[in-house]
Amino acid sequence: MALQESETIELKEIVTDDIKKEIIAFANCNGGRIYIGVRDDGTVTGLNDTDRTALQISNMVRDSIKPDLTMFLHYETIMQDGKNIIAVDIQRGTDRPYYIAKKGMRPEGVYVRQGYSAVPASDAAIRHMIKETDGDRFESMRSLKQELTFEAAKKEFRLRNVDFGLQQMRTLKLADQDGIYSNLALLLSDQCIHTVKTAAFQGTDQTIFKDRREFTGSLMQQMNEIYEFIDFRNQVHSTIEKLYRIDVRDYPEIAVREALLNLLVHRDYSFSASAFISIYTDRIEFVSIGGLMPGIDLEDIMAGISICRNQELANVFYRLHLIEAYGTGMGKIMKAYEGMTEKPVIETTRNTFKIILPNRNAGQNPADISVSQAESVAASNVRVKKKADDREEQILEYAGTRYSFTKNDAAALLKVSPSTAARLIRGLIKRGLLKCHGKARNTYYTLIK
């Protein structure tokens, strides 16, 4: 039987590093067979030690190719022209694309069979293999980028006393058993490619910019920095109702929190476009990419029905106690405006989901607030004030036990976000109970005795 190369047959005289490309190409396409001990022209040279050669190939496949391809290879020693050669059968793999571990899931690491040769796969071909293997859910697909770090995520997990090791990453679906990262891992990594653009405007339209920022990095980092950006601009206004002084923030903190979490958790990350948050004098608009899920409409959302686009991402936020239960966010937003004339507005298009929070103080004066509104706001403020007072007392007690502390120390103590801790600390500084030292990352606080 004369041997010659074809779309499914490759001939190799000896084992070289390039054999990895041929194995990967066959596994990524329709399978094939490699004969070791045969020249390109079909001349049989044979092998002195077939067992050693088979072991060499097996070790190379196990150590250099991802995902694990060993189960799809079969080795056989055969006699050809009176000499021993090895036939390596490679099946089409079920976890395509396969790639050279050191090169990653990029064209220089992924190969396909084209004619009689192994050639680098195009970006489009790699994405098609990922989608075909992993399905349509973006967060579950393997990330094209595998060189990921998780400093911001580790910090958030540590702050909330949740473990974040390799086993937890596998449980949360950030990585598979081979250590290959999913797109969910990409979203939580410091290398996250998705951003949120924010802008503050003077007036009720986009004529004059007051400030603008684009938030990048891990979704955990974006979450904290965006909330702080909004919280800094969430002003407090005071009104008088009979003997009561009523302090009202422009936007209920719980409504801002839920709208921000909705934007991050339910966004369609298969789109590369940025999400938007726009702050006007009379409203904040949260515009998330991705409309409603098929089979659900706006009335269902308002009734508390939730079909989560990113189930694994939502599970991460749930584990971190950032969300309490699926489908409760909209109810919390509406309840935060209970007794108010202006209510939040939800608008959807095919590819966007917008939450509009009205500024409770826009155009208001004491005469504009009804008794029922005042009582509702007053009751809400009593609850919030009591909670804030308790937290402030904890910070003061903590400060009294040490020379100095940081914002992150207070956040870990209270189990809140750094932005919330910073706001409580600012209040204590204004009341002359704490003193601020240093700048930026070197900022720390001491108790004024």
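Just so you know, residue 1 is the first one in the sequence shown, and it goes up from there.
Between the side chains of D268 and S270, a donor-acceptor pair is found at a separation under 3.5 Å. Side-chain contact check for S182 and S140: no donor-acceptor pair (N or O, by modelled atom type) lies under 3.5 Å.
Residues that satisfy the ring-ring contact (aromatic ring centres under 6.0 Å, His included) test with F276, not counting sequence neighbours, are absent from this structure. T349 pairs by the side-chain hydrogen bond (donor to acceptor under 3.5 Å, both in side chains) definition with T352, not counting sequence neighbours. Every residue meeting the salt bridge (Lys or Arg N to Asp or Glu O under 4.0 Å) condition with D17, not counting sequence neighbours, appears here in chain and number order: K20. Take Y444 and apply the ring-ring contact (aromatic ring centres under 6.0 Å, His included) test, not counting sequence neighbours, and it matches H437. Annotation: salt bridge (Lys or Arg N to Asp or Glu O under 4.0 Å) contacts of K21 (sequence neighbours excluded): D18. Every residue two or more places apart in sequence or in another chain that forms a salt bridge (Lys or Arg N to Asp or Glu O under 4.0 Å) with D231 is listed here: R249, R423, R426. Every residue two or more places apart in sequence or in another chain was checked for a side-chain hydrogen bond (donor to acceptor under 3.5 Å, both in side chains) with N442, and none qualifies. Every residue two or more places apart in sequence or in another chain was checked for a salt bridge (Lys or Arg N to Asp or Glu O under 4.0 Å) with E214, and none qualifies.
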In residues 201-210, what donor-acceptor pairs under 3.5 Å come from side-chain atoms, sequence neighbours left out?
| from | atom 1 | to | atom 2 | distance (Å) |
| --- | --- | --- | --- | --- |
| D205 | OD1 | T207 | N | 3.1 |
| D205 | OD1 | T207 | OG1 | 2.8 |
| D205 | OD2 | T207 | OG1 | 3.4 |
| Q206 | NE2 | Y280 | OH | 2.9 |

N/O donor-acceptor pairs under 3.5 Å from side chains in residues 147-154, not counting sequence neighbours:
| from | atom 1 | to | atom 2 | distance (Å) |
| --- | --- | --- | --- | --- |
| T149 | OG1 | D190 | OD2 | 2.8 |
| T149 | OG1 | Q191 | OE1 | 3.4 |
| T149 | OG1 | Q191 | NE2 | 2.9 |

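For residues 163-172, there are no side chain to side chain donor-acceptor pair (under 3.5 Å) pairs, not counting sequence neighbours. Listed by first and then second residue, the ring pair (Phe, Tyr, Trp, His ring centres under 6.0 Å) pairs involving residues 123-145 are F138-H194 (not counting sequence neighbours).
Geometrically, R319 does not engage F317 in a cation-pi contact, judged by NZ or CZ lying under 6.0 Å from the ring centre and within 45° of the ring axis.
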